[in-house]
Amino acid sequence: MTSAGNSKEVKKDEIAELARRRGFLWQAFEIYGGAAGFYDYGPLGARLKRRIEEEWRDFYTREGFYEIETTNIAPREIFESSGHLESFADQAVVCNHCKNFFRVAEGVKVSENCPECGGELEAAGEFNLMFQTRIGVPKGESDSGVKKSEGYLRPETAQGIFLNFQRLLRFNRDKLPFGIIQIGKAYRNEISPRKSLIRLREFTMAEAEVFVDPKEKNNHPRFEDVKDRMLRIVPGEDEGGEEEEESLEEAVRSGIIANEYLGYHIAKVDEFLERIGIPRAKVRFRQHLREEMAHYATDCWDAEFLSERYGWMEIVGVADRGDYDLSAHASFSNADMSVHTEPEKIIPHVIEPSYGIDRIIYALLESSFYEEQVGKEKRKVLRLKSEITPIKAAVFPLLNRDELKKKAREVFQKLRDASIFVEYDDSGSIGRRYRRQDEIGTPYCITIDYETLEDNTVTIRERDTMKQVRVPIAEVKDVLLKRE
RNA sequence: GCGGCAAUAGUCUAGUGGUAGGACACGGGCUUCCCAAGCCUGUAACCUGGGUUCGAGCCCCGGUUGCCGCACCA
């Protein structure tokens, strides 16, 4: 990737404006006034998202993990067991004076005064991040009927994997370790969603649940492969909290990262983010402080992206969930979640990398957006990796003349027939067409000129350098498909 | 959720009570042998619901959405 010394001054709304105008991202329900926290992906956004998901799927499939697909809606008792209902279905109070927010479950009542400043407290309503729904027709008022009919939209995809643990273990012929992945929607009724894709009420998560014998957590079979990877890490309170750069091996040996499995997956997250084009200089791993840890986690590291607009923000979480989930479901459902190992039966521990796909898309758009001066004109360009761009290449006739257009359409169709996603454009000047493709990140533009008619060669113009090479039509496909 | 500010073509914007204007983009045409050039031409907008007024894009109230701060983010 070249950056050619261009200014990286991003006016704050440029990315949102581009994303809207060019069909990446639209506010949902727009013609009815919209609703906060919901976005639709337009034609280019949907393609970009799909390609990132495909890279992710491919990445974890190479780890040997199978993908499953579980429901978005689950009956109430699932979340009673998982702890999600209890953890945030409380009444909340807010202080009139200092505006601090308290959960009733933490022992603060409306009748009391604010523990922070002594001000008056006011009921702030139900504090419930899960969307509630009904399953089927409620049967009368009986306890059991109401209970069965009450459902929730999942706040994470993970639970669907835990619920199928026995089946998955059997599928894996009763052996540990194994990993299962899932990509899907999750739902959280955020109090105030903001910052475009950063806090959504409906969003896409990509999660891997890795089940491991707790005794084996310091014995990852491929730790060697990643141990020398340098990581930028910010340890939690016990380790001092100073940002440092060290190898994965050092971090694990010194105890900053608790075990090899956790460390291995932190390194894998780092590798994936690099692979899809998040600049390494903008990524760090920060350990959660105890009070910010989710109820299920014993340890958690966030991969954070340094946004020019929002500062450091979480894009991936890597949690050690211990045996929390399997034990909880075992005790509430009476299912046996244990695994027979020699010499004893154990409840596996879970290491979980959890990716926020929408946030990653934001990070990619922001970090790949450049505005640069070319002659008298400004050029906007998305320097996305060619593996994830919505469009692989555009085909142009140099001039709007019939013989060139005919040949260009032939080349276009040939590439389409080879399942390469290309676009055709003959409107306006050639320069205008290059610019249109630049701002949606298309890595290559293929131009048909009079020389093409003589010797069947075309020019391929590269997005980042704007340089051209002339190649025979027969070789175009190979150039487009080569990995950088 | 609270407070402040805002909302006009696809985008950015002008318009302080009386005919909604521009730029860019987009479509059509001309031109053009490689980077948003030029010429002609066309499409296209006052977030929403009330109120005040002879008359509201403009003033008032509610809602929605966005931005900023606070809070929240299991």
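Proteins come first, then strands; the chains are lettered A, B, ... in the order of their sequence lines, and each starts at number 1.
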Whole-Å P distance, B:rC39 and B:rG62: 49 Å
Rounded interatomic separation in angstrom, taking CD from A:E439 and P from B:rU11: 14 Å
Closest to side chain of A:T447, choosing from B:rC34, B:rG27, B:rU65: B:rC34
Euclidean distance, atom CD of residue A:E17 to atom P of B:rA9 [Å, nearest integer]: 13 Å
Interatomic distance at C1', B:rG49 relative to B:rG69, whole Å: 29 Å
Under 3.5 Å: donor-acceptor pair, side chain of A:W312, backbone of A:F305: no
B:rC58 to B:rG3 separation - P atoms, rounded to the nearest Å: 24 Å
Length of the line joining A:F396:CZ and B:rC33:P, which is rounded to integer Å: 18 Å
A:K378 NZ to B:rC35 C1', straight-line distance once rounded to whole Å: 17 Å
Salt bridge present between A:R76 and A:E150 (N-O < 4.0 angstrom): yes
Base B:rG69 to side chain A:R194, donor-acceptor N/O within 3.5 Å cut-off: yes
Nucleic acid contacts - residues 466-474 of chain A versus RNA chain B, non-hydrogen atoms under 4.0 Å: A:M466, A:Q468
Value in whole Å for how far the C1' atom of B:rG66 lies from OH of A:Y310: 11 Å
Plane angle bin for A:F165 and A:F211 - parallel if under 30°, tilted between 30 and 60°, otherwise perpendicular: tilted
Touch class at under 4.0 angstrom, heavy-atom based, for A:R379 against every strand present: nothing
Interatomic distance, A:R432 CZ vs B:rG28 P [rounded to whole Å]: 12 Å
C1' gap between B:rA25 and B:rA6, integer Å: 24 Å
Pair A:Y324-A:H295, ring pair (Phe, Tyr, Trp, His ring centres under 6.0 Å): steps then yes or no: CA-CA 9 Å; A:Y324 180 91; A:H295 65 273; 5.5 Å; yes
Protein-nucleotide distance (A:L200, atom CG; B:rG66, atom C1'), rounded to Å: 15 Å
Sugar-phosphate, base or nothing in reach of A:R401, heavy atoms under 4.0 Å: sugar-phosphate
A:F272 and A:Y60: CA distance, side-chain angles, deciding distance, ring pair (Phe, Tyr, Trp, His ring centres under 6.0 Å) verdict: CA-CA 9 Å; A:F272 178 76; A:Y60 281 98; 7.0 Å; no
Pair assignment for B:rC12, Watson-Crick or G-U wobble, requiring both distances under 3.5 Å: B:rG22
Atom P, compared across B:rG10 and B:rG63: separation rounded to whole Å: 27 Å
A:W56-A:Y355 aromatic ring centre distance below 6.0 Å: yes
Qualifying residue, where the test is side chain to side chain donor-acceptor pair (under 3.5 Å) with A:T442 and the options are A:Q437, A:R436, A:K392: A:Q437
Under 3.5 Å donor-acceptor, A:N164 side chain and A:G160 backbone: yes
Salt bridge (charged side-chain N to carboxylate O under 4.0 Å, His left out) contacts in which one or both residues fall within residues 195-204 of chain A, not counting sequence neighbours: A:K185-A:E202, A:E190-A:R199
Short N-O contact, A:R383 and A:D438, less than 4.0 angstrom: no
Whole-angstrom distance between B:rA36 and B:rU11, as gauged at atom C1': 15 Å
Sugar-phosphate, base or nothing in reach of A:M293, heavy atoms under 4.0 Å: sugar-phosphate
Pairing of A:R286 and A:E314 as salt bridge, 4.0 angstrom limit: no
Whole-Å gap separating C1' (B:rG29) and CG (A:D426): 13 Å
Sugar-phosphate only, base, or nothing, as touched by A:D438 at under 4.0 Å among non-hydrogen atoms: nothing
Residue-level proximity of residues 34-45 of chain A to RNA chain B when a heavy atom falls under 4.0 Å: A:G34, A:A35, A:A36
Under 3.5 Å donor-acceptor, A:D358 side chain and A:L197 backbone: no
Any-strand Watson-Crick or G-U partner of B:rC67, both distances under 3.5 Å: B:rG4
Base B:rC26 to side chain A:R21, donor-acceptor N/O within 3.5 Å cut-off: no
Euclidean distance for C1', B:rG57 against B:rC70 (whole angstrom): 33 Å
Nearest-nucleotide comparison on RNA chain B, the residue closer to the 5′ end among A:R435 and A:G33: A:R435
A:S427 side-chain N/O to B:rG27 phosphate OP1/OP2 under 4.0 Å: yes
Pairing partner (Watson-Crick or G-U wobble, both distances under 3.5 angstrom) of B:rC58: none
B:rA37 OP1/OP2 closer than 4.0 Å to side-chain N/O of A:S429: yes
Closest to the A:R199 side chain, choosing from B:rC72, B:rA37, B:rU65: B:rC72
Sugar-phosphate, base or nothing in reach of A:T459, heavy atoms under 4.0 Å: base
Rounded C1' spacing from B:rA44 to B:rA9 in Å: 5 Å
Along RNA chain B (nearest heavy atom to each residue), the more 5'-positioned of A:R20 and A:D449: A:R20
